[in-house]
Amino acid sequence: MTTETIDLRSDVKTLPTAEMLDAMRSAELGDSKAGEDPTVLRLEAMAAERLGTKSALLLISGTMANLAAIMALAEPGDGMVEDPEGHICYYEKSHARLSGVVPIPLPSRKGMMDPAELAALLDTRPDAKLLCLENTHNRSGGRVVPLPLWAELCRTARSRGLAVHVDGARIFNADVASGVHASAFAQHADSLTFCLSKSLGCPLGSVLCGSEAFVKKARSASRLLGGGMRQAGVIAAAGIVALESMVERLAEDHANARRLAEGLAGIPGLDVDMETVETNMVNATFAGSGRGLEEWIAAFAEGGVLVGAHPPDRLRFVTHRHHTQGTMDEALRRMRRAAG
Ligand SMILES: *Cc1c(COP(=O)(O)O)cnc(C)c1O
């Protein structure tokens, strides 16, 4: 281990693999906006098959995919039930500005919405037309919403006429961690998007999956947002490599996160709720440590470890393909020293 800084801030920091870069260089390309890029068509077919949907659409980002889905599934003035701690509500302000959909907050508990609370809420909100769910749940520490709860939430919404959109940025982390295939989560919803970047290692790209009619509408919506792309096969080529070779290895990231979490729990001043450590993320709190968030981050950075945060009260650590078990042990050594 060198003294190189260890970066545990986010899986968005991952770089493309050599195989991805080779595939991007040699990809067969065409005008994707006209439906003529064979590599994009191949990726979209692969993604649809993997998620068990009829159709799929490559877009540049998860934010655009979520927004295009919302615009396809709801009209301006419709209500959208969402978790205030969900990525769409917390980070993506685009739907507020561009979709005209009215947010209806339904707080989750550590990422888990309650179907009874959802049903009670829907009794009072006939304007609700869309439910957004997230799996894994980012701000709760990458938790997996288990399939039985998932199915009940979707059933509760759909039996009342709502559409369900899934922000599945990290659905393959949920798949690998729980052993429940991503398609089993997708089948209860109308649409699902997943990120090719993040843990799958692509430089960019998200894929939005759903029925043919849904994807047609989402494609139109994405074009309003400037999402029509030309030789997008360069992005798709990396995505194909990701789906073929980067999914199963997520188990390593999860094992590393667990190792990291156990070590962090032993550092005086830090608390880790081990129940929430299911995938590639660890959240730690520091109440009563005498140090604030910025002080913890600065102390760790000084010691050679970059960490993220969910302000005001949580440090956030994320593992990915550039880390090994040795990286975890070295990071823990440095953080123990920095905390002492
Ligand atoms: C990263 C992420 C997104 C999409 O982010 P982009 O940066 O726009 O690709 C959406 N949802 C969740 C849960 C995420 O973590």
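All ligand and atom numbering here is 1-based and tracks the order in the structure. Here the structure is a predicted model, which is why all the values come from computation and not from measurement.
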Using a 3.5 Å cut-off on N or O atoms only, is [X] in polar contact with ligand 1?
| X | value |
| --- | --- |
| Asn138 | yes |
| Gly62 | yes |
| Asn66 | no |
| Asp167 | yes |
| Lys198 | yes |
| Thr63 | yes |

### Message
Just to check, does Met64 reach to within less than 4.0 Å of ligand 1 when the distance is taken from its heavy atoms?
### Response
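So Met64 does not count as touching ligand 1.
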### Task
For the pair Thr53 (side chain) and Glu49 (backbone), establish whether a donor and an acceptor sit closer than 3.5 Å, ignoring hydrogens and angles.
no
### Message
Using a 4.0 Å cutoff against the non-hydrogen atoms of Ser61, which atoms of ligand 1 qualify?
### Response
8 (O), 9 (O)
### Message
Could you tell me if Glu92 and Asn66 have a donor-acceptor pair between their side chains, going purely by distance under 3.5 Å?
### Response
yes
### Message
Could you walk me through whether Arg139 and His310 satisfy the side-chain hydrogen bond (donor to acceptor under 3.5 Å, both in side chains) test, starting with their C-alpha distance in whole Å, then the side-chain angles of each, then the deciding distance to 0.1 Å, before giving a yes or no?
### Response
CA-CA 7 Å; Arg139 288 180 57 80; His310 290 306; 3.2 Å; yes
### Task
Name the closest protein heavy atom to atom 15 (O) of ligand 1, giving the residue it belongs to and the distance to 0.1 Å.
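Of the protein heavy atoms, Arg170 NH1, 2.7 Å lies nearest.
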### Message
Whether Arg334 engages the ring of Phe300 as a cation-pi pair (distance to the six-membered ring centre under 6.0 angstrom, angle to the ring normal within 45°) should be assessed.
### Response
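The answer is no, since Arg334 fails at least one limit relative to Phe300.
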### Query
Are Leu243 and Val180 connected, step by step, through hydrophobic side chains (Ile, Leu, Val, Met, Phe, Trp, Tyr) whose heavy atoms are closer than 4.5 Å?
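Yes, it is one cluster - the side chains of Leu243 and Val180 are joined through contacts under 4.5 Å.
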### Query
Considering the options Thr319, Asn256, Thr136, Asp11, which one meets the side-chain hydrogen bond (donor to acceptor under 3.5 Å, both in side chains) requirement together with Asn280?
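So, applying the side-chain hydrogen bond (donor to acceptor under 3.5 Å, both in side chains) to Asn280 and each of Thr319, Asn256, Thr136, Asp11, only Asp11 qualifies.
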### Query
Got more than 12 heavy atoms from elsewhere within 6.0 Å of CD, Glu75?
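No, not enclosed.
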